[in-house]
Asker: 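To start, I am sharing the structure in question, which I have written as C-alpha cells.
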Number of protein chains: 2
Amino acid sequence: MSQNATPTLEEVARAAGVSRATASRAINGLPYVSERAREQVARAVEVLGYRTNQVARSLATKRTGSIALVMSEPGNFVLSDPFFARVLRGIYSGLSGSQMQLVLLMNNEQDEEDGFARYLCGGHVDGALVVSLHGEDPLPGLLVDAGLPVVLGGRPLARVDAPYVDVDNFNGASSAARHLIDIGRRRVATIAGPEDMSVGMDRLSGWRRGMAGTGIATDAVEHGDFTMEGGAAAMRRLLRNHPDLDAVFAASDLMAVGAMQVLHAAGRRIPEEVAVVGFDNLDIAPTMSPPLTTVRQPIEEFGRTMTWRLLAQLEGETGLPPSIMLPTELVRRAST
Amino acid sequence: MSQNATPTLEEVARAAGVSRATASRAINGLPYVSERAREQVARAVEVLGYRTNQVARSLATKRTGSIALVMSEPGNFVLSDPFFARVLRGIYSGLSGSQMQLVLLMNNEQDEEDGFARYLCGGHVDGALVVSLHGEDPLPGLLVDAGLPVVLGGRPLARVDAPYVDVDNFNGASSAARHLIDIGRRRVATIAGPEDMSVGMDRLSGWRRGMAGTGIATDAVEHGDFTMEGGAAAMRRLLRNHPDLDAVFAASDLMAVGAMQVLHAAGRRIPEEVAVVGFDNLDIAPTMSPPLTTVRQPIEEFGRTMTWRLLAQLEGETGLPPSIMLPTELVRRAST
DNA sequence: CTGAAAGCGCTTACAG
DNA sequence: CTGAAAGCGCTTACAG
C-alpha cells in the first residue's frame, strides 16, 4: 500500500495515454479537454490512487489554498476562552464554500518568536488572520513587509499598514458608563483590560468618555487580564482602595464573573449595593445570578468579517476598506 | 516595501557574487563554504531581506518542517475542553527544540470530510497527530495509505495500521469500580463515554471488569458525551431508572461535575448517599465540593509521548513500538 | 571550496 | 482539443 509512495502526474498521464498538460487540465476541471481524455485520466487517477502534490502546485501557481489563523497568545489560554471559540466559529462560517483550509498557529510558551514569521512568509499560506495582538508585536509588520495579505482582529497598537476588523469598544464602554450614571450610581469603578491591547485601552477610554461631564471621579481603575481570576483580583483591589463604590464596569464578562464572586463573598448585594456591567455578552451572561447587564459584541460576525475581508483581498477585490468597525450594544439585565 | 515582493535565491547569489549552490549552502549553514562567501551571502540576505521560499525547498527536499495536529471534533467543542488544552501543552513541550511548526486542523461543522485528507496528503506536513477519533473515521487509513507518518491519540476503533499512544483506560476504570466496592457500595452505576470511541468503550469494559465477581448487577449504565451537560442528562436518567443507586463512576471529570449537580439538586448527599468517581483528574477535581475522587491520567505526558513517537519516526528511528500505553492511577478524595 | 546542471512535481502560455 | 517546453525557487550529487 504505502509502497508506491505517491504516483506523479507524469505516471497518470502515461497511464491515460495523454500528455502531462492535458492530464493536469483534466484533473483541474479546466475546459478544452476531450470527453475521452477526461475519462481516461479519471480512470488512471482512480487506479493509481493519485493525489496532486500541493507543494508542487503551490510552487507553480503561487497559491496554497490555505490561510492561517495566528493567535498571539499561549495556546492553553486561548483554548479555555469561550470568546475565541466563537470567533473561530465565525471564521469557519466565513470560510464555508471557499475551498480554503484554515490552519491554526498558536504561540508555544517559550517559542522562538520567529517561527511564525518563517512559516507564514515561507509560502505555506495565502494569507493570515492575526488575533489577540499584544503591545508592539512585530509580527504584523513582518508579514506585511513580506507581502503576505493580512487581516488583523482588533486595531493594532503598533503602527502597521494592515487592514483590521474591530468592534466598537469605545462606544460600547461609553454606553455602559452612561447607563450606570443613568440609574443613579455616583461612585463608578472599572476593571479595565490589559494596557498593552487596544481592546483594553479602548474600553477604558470609552468608560472615561461616558463618565465625562458628570462631575464624577474616574479614579477607581484597576486592570485585569480578561480572565475570571484577573477580574477577581482587580475587584479585591477596588474594594480595598474604594470601599464606597456603588457600581463597576468590567471590560469582559469573565472578569465580571470574578468580580461578582468577590462582591458576593464580601457581602455586597448586586445590584442593590453594587451594580455590575460586563462586556461581551457571552452565553453565561444571562445565566449568572443575577443575570449580567453587559455590552453585546457580535463575536461570530467579527470572525466572519475578518475572513470575508481576507478572502476578498485574495480574490483581488479593490477598494476594500482599510478597517471595519462592528457595532456594540448594551444589553440590560438584573445586575444593574 | 512590499514592492520587491520576495527576492529569490538567484538574486541573493548574484548580489553576493557566488553561485546559487554556494548561496544555498551558506544560508543553510552547510560545510564547505569559505568564510568570505559566507559573509558575502549573509550581507546580501540582510540587504535584500531574503527569506527562503519554504514551498520550493519542500519540493526539493520532500520535507516541510511542520506537523499537523488533527482534531476530529468540531472546533468549538474542542476549544472549551480543558483536556485538550493540556494535551496541546504536552505536544508543544514535546516539540520544543525540534524546529518543527505545529499546525492545528479542526473540523468545521459541515465541512466536506475530504479537506483534511487533501491537505495532509498534499505534502503540506511531514506527519500528523490525530486525536479524538470517532467510530470508523476513514481519515487515519487514508493518511497511512498515502504514506504519511501518523500517530494516533487513543486506540482507533477501526482497523488501521497506525501507531498510537493511549492511556490505560481499562485498568483505571477497573480500579475505580473496585474502589467503590471496597468502600462498601452495592448499587454501582456508571456514566459511560460515547460508544463510538475506544476511550469510552475501554472505560466501560474496565468498569465491568472491576465489578466482575462481586455478584453485583452491572445494568445501571448510561452514556454521555464527556461534557457536563451530557453527564447531567445521564445522571437524571440513572436516578429515574435506578433510584436505589449508591455510587456512580463517571467516565470523565466533566461528566462527574454534571452528575454531581444533578445529585445535589435531587437532594442526594455526596458521598454519604451516593459516592462519585470521575476520570481525568482535571484541575477542577480537587476544587469541587466535595473534592472529586478520580482516575488520574497523565494528560501532558500523553501529548508529549505522541509527539516524541512521531518525531522519532520522522527521524527514521527503527524498532519503535506500534503502541504505547500510559499508566493511570486512582486519586482518592472526599467524594467517596 | 565552488559552480553547472539536473531534478523536485506541478501549471501554463504558445504553437499547432 | 493537445503536447513540447519553459518556469515556479530551491537542493544536491557530480565534477572540478
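Convention: sequence-line order gives letters A, B, ...; per-chain numbering from 1.
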Asker: Start with the C-alpha distance between B:Leu157 and B:Leu133, add both sets of side-chain angles, then the distance that settles side chain to side chain contact (heavy atoms under 4.5 Å, CB included), and finish with yes or no.
Answerer: CA-CA 8 Å; B:Leu157 278 184; B:Leu133 240 28; over 6 Å; no
Asker: Taking Watson-Crick (N1-N3 plus N6-O4 or O6-N4) and G-U wobble (N1-O2, O6-N3), each under 3.5 Å, can you produce the dot-bracket string of DNA chain D? Use [ ] for crossing pairs and | for inter-strand ones.
Answerer: |||.||||||||.|||
Asker: Separation of A:Glu35 atom CD from D:dT2 atom P, in whole Å?
Answerer: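 Atom CD in A:Glu35 sits about 10 Å away from atom P in D:dT2.
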Asker: For the residue pair B:Ala146 and B:Cys121, what are the closest heavy atoms and their distance?
Answerer: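 It is CB-SG, 3.5 Å.
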Asker: Find the distance between CD1 (A:Ile91) and CZ (A:Arg86) and round it off to the nearest 0.5 Å.
Answerer: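 Rounded to the nearest 0.5 Å, the CD1-CZ separation comes to 13.5 Å.
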Asker: Nearest 0.5 Å please: distance from the OG1 atom of B:Thr64 over to the CZ atom of B:Arg57.
Answerer: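 So the gap between those two atoms works out to 11.5 Å.
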Asker: Taking the same atom, P, in D:dC10 and in D:dC14, what whole-Å distance lies between them?
Answerer: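 Each nucleotide's P atom is 24 Å from the other's.
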Asker: Walk along nucleotides 8-13 of chain C from 5' to 3' and tag each nucleotide B, S or - by protein heavy-atom contact under 4.0 Å, base first, then sugar-phosphate.
Answerer: BBBBBB
Asker: How many angstroms lie between atom OG of B:Ser19 and atom CD of B:Glu10, to the nearest 0.5 angstrom?
Answerer: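 B:Ser19 OG to B:Glu10 CD: 9.5 Å, rounded to 0.5 Å.
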Asker: Any pair with a residue in residues 310-319 of chain B that passes side-chain hydrogen bond (donor to acceptor under 3.5 Å, both in side chains), sequence neighbours left out, goes on the list, sorted by first then second residue, please.
Answerer: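 Pairs touching residues 310-319 of chain B that pass the test: B:Arg309-B:Gln313.
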Asker: Return no unless some side-chain N or O of A:Ser34 is found under 4.0 Å from OP1 or OP2 of D:dC1.
Answerer: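 It does not, given that no N or O in the side chain of A:Ser34 lies less than 4.0 Å from OP1 or OP2 of D:dC1.
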Asker: I want to check something: taking the side chain as every heavy atom from C-beta on, are A:Tyr92 and A:Val87 in contact at a cut-off of under 4.5 Å?
Answerer: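 Result no, sub-4.5 Å side-chain heavy-atom pair not found.
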Asker: Is the closest side-chain heavy-atom distance between A:Val131 and A:Phe84 below 4.5 Å?
Answerer: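 Heavy-atom side-chain distance check passes, below 4.5 Å.
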